[in-house]
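Quick note: numbers below take in every heavy atom, side chains included, and nothing from hydrogens, waters or symmetry partners.
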Amino acid sequence: MRSFWRTRYGRTPSDRSVDGRPLNGRPLDGPLLRDIAPVCLAVGVVGLSYGAVAVTSGFDGWFPVLMGVLVLAASSEFLFVGIIAAGGSPIAALLAGLLVNVRHLPFGLAVPDVLGRGWRGALGAHLMNDETVVFALAQDEPERKRAAYWLCGLGILVCWPAGAALGALLGSVVRDTDALGLDAMFPTVILALILPALKDRPLRRTTLAAAALALTVTPFLPTGLPVLLALAALPLFAVETRKGATR
């Protein structure tokens, strides 16, 4: 969520300073904690939307909470629930969720030193997401990288399922969550996150081509498949990038 910081603060956590000096020294200090806390709370608010939408889409209340703990990947969970609720097949929903999480492969290569070994490494990999990786990479010292990664990850591990549980309760009481606008919360967040990245011309053209392709085939294909077919636009990004490099 690096774009979140640029959008809200105009700078990333690593840009923060006190009296013109970079924040270093203790693994965890006040400014770093103040950066991490609102992100975890924001994830909990999005979890509220997720739990409510899941229950009103026909899932039992325990399902979004269990998914929140075991999967801990908001994008893929929302996508899975949305595809199933719209009548798509579980296989298409599963494949779409896995494709969304392919980005975790480069994430793991970027922060191998913060994960640990053994059971800690397994838990650290489970906590890996956009927010934890961004906070870790924003720190200069190894101790602060590990502290930021684990604090943010554990915070999200608590806030995301908790938000989903509250959302499930809300969804069981308020059957029409559309009236509250909760169904629009997640796509709005995703749109806000990708807009800064679209300043890059090759990425913008690829994204528009993928969206056009998905919209074109939506009336003819089962729910979930248009999203997967949109990946056919990925070679365009390589072509556009190569053109830019030769100019």
Side-chain angles (χ1 to χ4, degrees), residues 1 3-4 7-8 36-104 123 126-132 152-195 211 214-215 218-219 221-228 230:
M1 281 191 171
S3 56
F4 169 86
T7 302
R8 183 174 179 183
I36 292 176
V39 171
C40 293
L41 291 177
V43 168
V45 172
V46 178
L48 183 74
S49 170
Y50 165 60
V53 170
V55 169
T56 55
S57 297
F59 292 90
D60 292 329
W62 56 265
F63 181 81
V65 181
L66 184 64
M67 288 273 285
V69 174
L70 299 181
V71 180
L72 198 62
S75 302
S76 60
E77 291 176 52
F78 259 108
L79 192 58
F80 182 89
V81 168
I83 291 175
I84 296 295
S89 70
I91 299 300
L94 179 61
L95 289 176
L98 289 175
L99 286 171
V100 169
N101 281 343
V102 166
R103 71 188 190 282
H104 285 202
L123 178 59
H126 183 60
L127 298 178
M128 185 178 296
N129 53 51
D130 303 69
E131 296 86 351
T132 56
C152 183
L154 292 173
I156 290 175
L157 181 61
V158 172
C159 291
W160 175 248
L166 292 175
L169 291 175
L170 178 63
S172 63
V173 176
V174 182
R175 303 307 300 180
D176 185 15
T177 55
D178 291 355
L180 301 178
L182 293 179
D183 58 315
M185 181 181 294
F186 183 72
T188 302
V189 171
I190 293 298
L191 180 61
L193 290 175
I194 67 173
L195 280 178
L215 289 173
T218 293
L221 294 179
T223 302
L225 289 184
V227 177
L228 300 179

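Taking the six-membered ring where the residue is Trp, Tyr50 and Trp160 present parallel rings, their angle staying beneath 30° rather than reaching 60°.
No donor-acceptor distance shorter than 3.5 angstrom exists from the side chain of Asp60 to the backbone of Trp62, with no hydrogens or angles considered. Checking side-chain atoms of Glu77 against main-chain N and O of Leu72 turns up a donor-acceptor pair under 3.5 Å.
Here the straight-line distance linking atom OG1 of Thr132 with atom CD1 of Ile156 works out to 6.0 Å at 0.5 Å rounding. Interatomic distance, Ile36 CD1 to Leu41 CG, rounded to the nearest 0.5 Å: 12.0 Å. The OG atom of Ser57 lies 12.5 Å from the CD1 atom of Ile83; values are rounded to the nearest 0.5 Å.
Between Cys159 and Cys40, the closest heavy-atom pair is CB-O, 3.3 Å. Closest approach of Pro161 and Leu157 over heavy atoms only: CD-O, 2.9 Å. Between Ala73 and Asn101, the closest heavy-atom pair is CB-ND2, 3.7 Å. Minimum interatomic distance between Ala164 and Pro64 (heavy atoms only, all atoms of both residues): CB-O, 3.9 Å. The two residues His104 and Asn129 come nearest to each other via the heavy atoms NE2-CA, 4.3 Å.
For the pair Val71 and Ser76, the minimum side-chain heavy-atom distance is below 4.5 Å. The shortest side-chain heavy-atom distance between Pro90 and Leu94 does not fall under the 4.5 Å cut-off.
Residues forming a ring-ring contact (aromatic ring centres under 6.0 Å, His included) with His126 (at least two apart in sequence, or on another chain): none.
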